[in-house]
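Scroll down for the structure; my scribbles are underneath it.
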2 protein chains.
Amino acid sequence: MKIGELAKLTGCSVQSIRHYEKEKLLASLRRSDGNFRLYDSAKVDQLKFIKHCRSLDLSLAEIRQLIELNQQPGMGCEDVNRMIDSHIEQVALRINELQDLQDKLMALRNSCASQSTVKECGILQTLSVTQK
Amino acid sequence: MKIGELAKLTGCSVQSIRHYEKEKLLASLRRSDGNFRLYDSAKVDQLKFIKHCRSLDLSLAEIRQLIELNQQPGMGCEDVNRMIDSHIEQVALRINELQDLQDKLMALRNSCASQSTVKECGILQTLSVTQK
DNA sequence: CTTGACTCTATAGTTACCATAGAGTTTAGG
DNA sequence: CCTAAACTCTATGGTAACTATAGAGTCAAG
């Protein structure tokens with residue numbers, strides 16, 4: 001199949017697929033006479049694997065690592081576990097950061113009544129105060 | 001003062017300051033004979049304002065808008081309020097997304113015992129299963 | 001045999017910077 | 001006075017994971 005069909009079957013954009021190829025995540029089997037990329041059904045599964053990983057916010061570099069690991073079935077999978085653990089930690093950190101941010105934004109928002117002028121705007125005044 | 005001193009006083013990097021200038025957020029008063037940027041103490045406050053906004057994750061475009069609004073003291077400040085409200089909403093959305101992600105990552109993590117091999121790794125198997 | 005749909009490569013854009021190169025400026029010490 | 005260190009300048013490329021575009025070639029149907 002050509003790249004457009006692969007895109008339709010997986011819900012990826014054509015450009016993403018080319019991008020994954022450039023990043024060594026998904027090679028096309030071969031090219032047609034007219035230099036079009038050709039794929040078989042195994043590539044559909046490979047691309048779905050990539051998509052699944054991306055939906056979990058794994059980076060392309062990490063996905064590449066997973067693909068490589070997957071090709072050494074006998075090895076221990078501690079690296080896989082460690083990668084996921086580290087991700088969970090990163091996400092938790094980010095959530096905490098955003099929650100702090102949310103608190104600050106709410107406080108800021110409460111410093112201005114809706115029907116004020118720019119000159120009296122509590123938000124602008126608060127933003128102008130030097131923070132520690 | 002020169003750019004290095006401004007940087008030290010505000011905790012910004014020299015590059016950031018030049019970047020803000022290119023983005024029309026902070027102009028230098030004038031240049032020295034040797035073409036160095038020169039600033040006065042008012043610029044310290046302006047830069048602190050920018051830093052404060054950045055710490056709340058406002059984009060440079062939004063900060064530029066706030067600076068412009070700030071120069072029209074008589075106008076209503078509904079736009080300011082709206083900007084902050086919209087930010088709060090964006091952050092809330094992002095927190096929800098990340099919490100969903102966190103749940104998925106935890107479930108994934110639980111699918112593999114620590115001492116497994118790649119071939120039997122529950123994580124890799126789960127990632128290979130086509131999602132709905 | 002032409003027209004429209006598809007594909008190709010290469011390049012620029014997104015965001016808010018950081019890093020670097022290569023050159024000029026200033027300042028403090030010897 | 002001179003030089004070396006510290007500072008500054010502009011311009012460029014890199015980050016992440018794509019999206020969008022240009023300009024050209026390929027293919028299938030009517």
Side-chain angles (χ1 to χ4, degrees), chain A residues 1-39 43 47 49-67 83 86-87 90-91 94 97-98 101, chain B residues 1-39 43 46-67 83 86-87 90-91 94 97-98 101:
Chain A
M1 75 187 75
K2 287 183 292 185
I3 199 169
E5 196 180 345
L6 180 60
K8 220 169 275 168
L9 286 175
T10 56
C12 285
S13 75
V14 166
Q15 291 107 317
S16 302
I17 297 174
R18 293 202 194 104
H19 183 62
Y20 294 153
E21 178 176 317
K22 198 183 324 179
E23 295 292 323
K24 314 278 183 204
L25 292 182
L26 185 78
S28 78
L29 275 183
R30 50 195 183 82
R31 295 293 183 107
S32 72
D33 289 348
N35 199 32
F36 288 7
R37 289 170 180 83
L38 296 176
Y39 303 90
K43 298 300 178 184
L47 187 47
F49 175 87
I50 294 171
K51 248 201 121 184
H52 194 163
C53 291
R54 286 295 301 140
S55 78
L56 297 171
D57 233 24
L58 298 176
S59 69
L60 299 192
E62 286 168 323
I63 298 171
R64 191 184 308 118
Q65 216 181 316
L66 285 179
I67 291 172
M83 185 187 294
S86 145
H87 249 277
Q90 297 303 311
V91 173
R94 187 65 185 141
E97 284 174 10
L98 287 178
L101 181 59
Chain B
M1 75 187 75
K2 289 183 291 185
I3 199 169
E5 195 180 344
L6 180 60
K8 220 168 277 171
L9 285 175
T10 56
C12 285
S13 75
V14 167
Q15 291 107 318
S16 302
I17 297 174
R18 293 200 195 104
H19 184 62
Y20 295 153
E21 179 176 318
K22 198 184 325 181
E23 296 292 323
K24 314 275 182 205
L25 291 183
L26 185 79
S28 78
L29 275 183
R30 51 196 183 82
R31 295 294 183 107
S32 72
D33 290 347
N35 199 32
F36 288 5
R37 289 169 180 84
L38 296 176
Y39 303 90
K43 297 302 177 182
Q46 282 191 41
L47 187 47
K48 282 182 177 169
F49 175 88
I50 294 171
K51 250 202 118 184
H52 195 164
C53 291
R54 287 295 301 140
S55 78
L56 297 171
D57 232 24
L58 298 177
S59 70
L60 299 192
E62 286 168 323
I63 298 171
R64 192 184 308 118
Q65 216 181 316
L66 285 180
I67 290 172
M83 184 186 296
S86 146
H87 249 275
Q90 297 303 312
V91 173
R94 187 63 187 143
E97 283 174 12
L98 286 179
L101 181 59

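Keep in mind that this is a model prediction, so the values were computed, not measured. Each chain gets a letter, A, B and so on, in the order the sequences are listed, and its residues count up from 1. Quick note: numbers below take in every heavy atom, side chains included, and nothing from hydrogens, waters or symmetry partners.
- Remark: K2(B) pairs with F36(B), L38(B) by the side-chain contact (heavy atoms from CB on, under 4.5 Å) rule, at least two apart or across chains.
- R18(B) meets the side-chain hydrogen bond (donor to acceptor under 3.5 Å, both in side chains) test with no other residue; sequence neighbours excluded.
- Residues passing the side-chain hydrogen bond (donor to acceptor under 3.5 Å, both in side chains) test with E5(B): none are found, sequence neighbours excluded.
- Taking CD1 of I63(B) as the reference point, atom CD of Q46(B) lies at 12.5 Å (rounded to 0.5 Å).
- If one axis is set at each end of the helix from dC1(C)-dG30(D) to dG30(C)-dC1(D) from five pairs, those axes are 30° apart, to 10°.
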With 3.5 Å as the limit, what N/O pairs link the protein to nucleotides 11-19 of chain D?
unit_1	atom_1	unit_2	atom_2	d
dA17(D)	OP1	L60(A)	N	3.3
dC18(D)	OP2	Y20(A)	OH	3.0
dC18(D)	OP2	R54(A)	NE	2.9
dT19(D)	OP2	S13(A)	OG	2.8
dT19(D)	OP2	S16(A)	OG	3.1

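- Between L25(B) and I50(B), the shortest heavy-atom distance links the atoms O-CD1, 3.7 Å.
- Summarising the geometry, atom CD belonging to E23(B) is positioned 5.5 Å from atom CZ belonging to R64(B); distances are rounded to the nearest 0.5 Å.
- Scanning for side-chain contact (heavy atoms from CB on, under 4.5 Å) contacts around E62(B) gives L58(B), S59(B), M83(B), H87(B), with sequence neighbours left out.
- Counting only distance, with no hydrogens or angles, the side chain of K51(B) and the backbone of T10(B) share a donor-acceptor pair below 3.5 Å.
- With sequence neighbours excluded, no residue forms a side-chain hydrogen bond (donor to acceptor under 3.5 Å, both in side chains) with S86(B).
- Distance CE (M1(B)) to P (dT26(C)): 18 Å, rounded to an integer number of Å.
- Of the residues in residues 3-10 of chain A, those placing a heavy atom less than 4.0 Å from an atom of DNA chain C are I3(A), G4(A), in numerical order.
- Distances shorter than 4.0 Å separate none of the side-chain N or O atoms of R37(A) from OP1 or OP2 on dC6(C).
- Take R94(A) and apply the salt bridge (Lys or Arg N to Asp or Glu O under 4.0 Å) test, not counting sequence neighbours, and it matches E97(A).
- Summarising the geometry, the separation between CZ on R31(A) and C1' on dC6(C) is reported as 14 Å, rounded to the nearest angstrom.
- Once rounded to the nearest 0.5 Å, the distance linking CG of L47(A) with SG of C12(A) reads 4.0 Å.
- Here I17(A) contributes atom CD1 and L26(A) contributes atom CG; the two are 7.5 Å apart, rounded to the nearest 0.5 Å.
- Residues forming a side-chain hydrogen bond (donor to acceptor under 3.5 Å, both in side chains) with N35(A) (at least two apart in sequence, or on another chain): R31(A).
- In this structure, the CG atom of L26(B) is 13 Å from the P atom of dC17(C), given to the nearest Å.
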Considering only nitrogen or oxygen atoms on both sides, find all protein atoms under 3.5 Å from nucleotides 23-29 of chain D and state each distance.
unit_1	atom_1	unit_2	atom_2	d
dC27(D)	OP1	G34(A)	N	3.2

